[in-house]
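These numbers were taken from a predicted model, which means no experiment stands behind them. First the proteins, then the strands, lettered A, B, ... as listed; each starts at 1.
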2 protein chains.
Amino acid sequence: MVKIAIDAMGGDFGPAPIVQGTLLALKKKDFTPVLVGKKSEILPLLPKRYRDKILIVEAGDVIAMSDAATDAVKRKESSIYKAVELVKSGEADGVVSAGHSGATMTLATLRLGRLKGISRPALVTLMPTKTGRRSVVLDVGANVDSKAEHLAEFAVMGGCYAEDVLGVEEPSIGLLANGEEDSKGNEVTKAAFKLLQGYRGFKGNVEGGDIFNGSCDVITCDGFVGNLVLKTSEGVASTISILIKDYIKKSPIRITGALLMRKVFKLLKKEIDYAEVGGAPLIGIKGCAIVSHGKSNAKAVKNAIYQAISYVDTGVNEHIVTRVAELKNKEV
Amino acid sequence: MVKIAIDAMGGDFGPAPIVQGTLLALKKKDFTPVLVGKKSEILPLLPKRYRDKILIVEAGDVIAMSDAATDAVKRKESSIYKAVELVKSGEADGVVSAGHSGATMTLATLRLGRLKGISRPALVTLMPTKTGRRSVVLDVGANVDSKAEHLAEFAVMGGCYAEDVLGVEEPSIGLLANGEEDSKGNEVTKAAFKLLQGYRGFKGNVEGGDIFNGSCDVITCDGFVGNLVLKTSEGVASTISILIKDYIKKSPIRITGALLMRKVFKLLKKEIDYAEVGGAPLIGIKGCAIVSHGKSNAKAVKNAIYQAISYVDTGVNEHIVTRVAELKNKEV
């Protein structure tokens, strides 16, 4: 049975939503959760009937959001350090943390190591599209100042993820640029374009709007750009929702209309709610690490755990190693 | 009276929306439009009573969207070339074009020249925010691979634009990065941060979400990033609107709700409709050039003309020259 190490202490709201999310996940999936953190805080949150289904590993230290990511490697008693070590020692197959994302990424990269052929792991997110299918966007924040080779590796990893984890057949892969024409891009994306030319599924440059229209399964970009795209999207969605609420409040007719449309807003919220996705896999490491939002609620934690289980189940890592070798032979 | 040269031929839909937009603008503002293009196509669109209020300059050639921007300098009979030349010769104060944006930017930069102290002109857009006030974002596509000095100049120009054209007192200026902390950013933004430290209104790094929450008046970024942010925002807004429409169609109750909420959607559309803004000023040139969307309707053209008029009226260019000198002295 798949074992998932869960950093019980890392989130902004302490262990409660993490433990609740774990319990929710257990209701639907067969796996063994290993909660890592302060037993004294975790145990009171566990109903008796779950106690034999869940393992607890004691960890007395917690890395706070305000701590430096670089300190993480020294904080060997921290919940995230210990959770990652469980994957390293083979006692767990994957790790989920809603804690300090820099610390999680640093530890997962340094302690578990990178996959053969991968120079930089990347953070993956799934974006909603018009078609209902989600698009894979990477890197959304593991790296800044990526080189062309890194972008090409991201493209390969994103393709494997779409194929194996999301079940997309022959996923199309795009390079995020300031226009669709081959001549568009900045220095780095232009060089990445050349490296990817002819690679399976590579369809060339795509634009910001393509992330959401479902025309491309995998969108490749530098982590600086990916972070901006992600935060911008959240900003637009939240502004639209605030504007709608403001406008509604101004008239009883509109309030009635909004009530009749409640279901619509609920569906929309579900579509664009990050909690539905749960977390961002750090792809390219030997193992599986899911980076969740610090503000994750129980549902987000549950979905992050589901993500870890599918990631482990699919063997996407072996696939990446084969494909990245394929890409690099092509270059020679 | 302010004279605005208007490229009558450049838009995707031919001269009709351009001429209609010009007529709309004339109803509310006192200015002299100079329509540049094929007289034979423009004249039939002009009601007789307007003929003495509008000048027409014949131009037999049109630069198509598929033409290379670099050819623009050779196409001296094209409508956009001639429109820019009117500004150069002082026969017009500003130019508006919904044609080939690369050609417009190239011509405006090369034929009119850059302001003293500015190495690269930038394209400015206005984004809607939660507060109702629009934020100034630049560069949204005039340059890729900007250096730190360029970003610093963009920041200065954006500040002058917010102050003079939008009337914002002591505008706050942010640098778009992958996090708010001073340590965030990529190589280029980190160097730009240092150049801007201590500059009036500079508040450090801002994130993608800050574009829409109104917390910052001016958002500075490289044109590659700015283009992505812009296209991503449009993509999110359009996806949300499509999802809402899809969900609504599925039940009569929701249709009723939507009807009662019609006004809400109309207000929202107005807020996020690019036609409300009209066009993007190319800032940093000796003169005034407004780059409009190829798909501009009459309203967008009207608003682009209004933008040109306010730009010319405010004397923002002189302000930029003073302020950029201030910034550069600071650096010494």
Side-chain angles (χ1 to χ4, degrees), chain A residues 128-130 132 141 144-145 176-179 184-189 207-213 221-244 246-248 250-251 253-265 267-268 271-272, chain B residues 128-130 132 141 144-145 176-179 184-189 207-213 221-244 246-248 250-251 253-265 267-268 271-272:
Chain A
T129 75
K130 288 174 191 176
V144 292
D145 295 312
L176 197 59
N178 57 332
K184 292 286 182 168
N186 61 17
E187 256 180 61
V188 175
T189 68
E207 298 191 60
D210 292 316
I211 299 172
F212 311 97
N213 65 19
C221 60
D222 167 58
F224 179 82
V225 165
N227 174 286
L228 288 174
V229 161
L230 196 68
K231 299 276 177 67
T232 301
S233 312
E234 289 171 359
V236 174
S238 128
T239 302
I240 290 180
S241 123
I242 288 175
L243 287 175
I244 289 182
D246 274 1
Y247 294 148
I248 288 173
K250 285 177 187 149
S251 120
I253 293 179
R254 295 183 201 163
I255 294 175
T256 316
L259 284 173
L260 297 174
M261 276 181 66
R262 242 182 326 191
K263 190 79 193 292
V264 171
F265 292 122
L267 284 165
L268 186 66
E271 198 59 53
I272 59 179
Chain B
T129 74
K130 288 175 190 175
V144 292
D145 296 312
L176 197 58
N178 57 331
K184 292 286 182 170
N186 61 18
E187 255 180 61
V188 175
T189 67
E207 298 190 60
D210 292 316
I211 299 172
F212 310 97
N213 66 18
C221 59
D222 167 58
F224 179 83
V225 166
N227 174 288
L228 287 175
V229 161
L230 197 67
K231 299 278 178 67
T232 301
S233 312
E234 289 171 0
V236 174
S238 129
T239 301
I240 290 180
S241 124
I242 287 174
L243 287 175
I244 290 182
D246 275 2
Y247 295 148
I248 288 172
K250 285 178 187 149
S251 120
I253 292 180
R254 295 183 201 163
I255 294 175
T256 315
L259 285 172
L260 297 174
M261 276 181 67
R262 242 180 327 188
K263 190 80 193 292
V264 170
F265 293 121
L267 284 166
L268 186 65
E271 198 59 54
I272 60 180

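The residue among B:D246, B:T239, B:L230 with the most heavy atom pairs within less than 4.5 Å of chain A is B:T239. If you tally non-hydrogen atom pairs under 4.5 Å between each of B:L176, B:I244, B:V236, B:N186 and chain A, the highest count goes to B:N186. For the set B:D222, B:I211, B:V188, B:D145, the count of heavy-atom pairs under 4.5 angstrom toward chain A peaks at B:D145. Across B:G179, B:S251, B:G185, the residue that shares the most heavy-atom pairs under 4.5 angstrom with chain A is B:G185. Chain B forms the most heavy-atom pairs under 4.5 Å with one residue out of A:K250, A:K184, A:E207, A:R254, and that residue is A:R254.
Taking both residues in full, the closest heavy atoms of A:S233 and B:T232 are given as OG-CG2, 3.4 Å, listed atom of the first, atom of the second, then distance. Of all heavy-atom pairs between A:A177 and B:F224, the closest is CA-CE1, 3.7 Å.
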Please assess A:T256 against A:L259 for the test side chain to side chain contact (heavy atoms under 4.5 Å, CB included), listing each intermediate value before the final yes or no.
CA-CA 5 Å; A:T256 316; A:L259 284 173; 5.6 Å; no

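Between the OG atom of A:S241 and the CD1 atom of B:I240 there is a distance of 8.5 Å, given to the nearest 0.5 Å. Note: A:D210 CG to A:T129 OG1 = 11.0 Å, rounded to the nearest 0.5 Å.
With a 6.0 Å radius and a threshold of 12 heavy atoms from other residues, nucleotides or ligands, A:I253 has its CD1 atom at or below the threshold.
Only the side chain of B:T189 comes within contact range of chain A, with at least one heavy atom under 4.5 Å from a heavy atom of that chain. Contacts between B:I248 and chain A at a heavy-atom distance below 4.5 Å involve backbone atoms as well as side-chain atoms. Using a 4.5 Å cut-off between heavy atoms, B:N178 touches chain A through backbone and side chain atoms alike. Both the backbone and the side chain of B:V229 come within contact range of chain A, judged by heavy atoms closer than 4.5 Å.
Proximity of B:L228 to A:V225: side-chain heavy atoms (C-beta onward) are separated by under 4.5 Å at one or more points.
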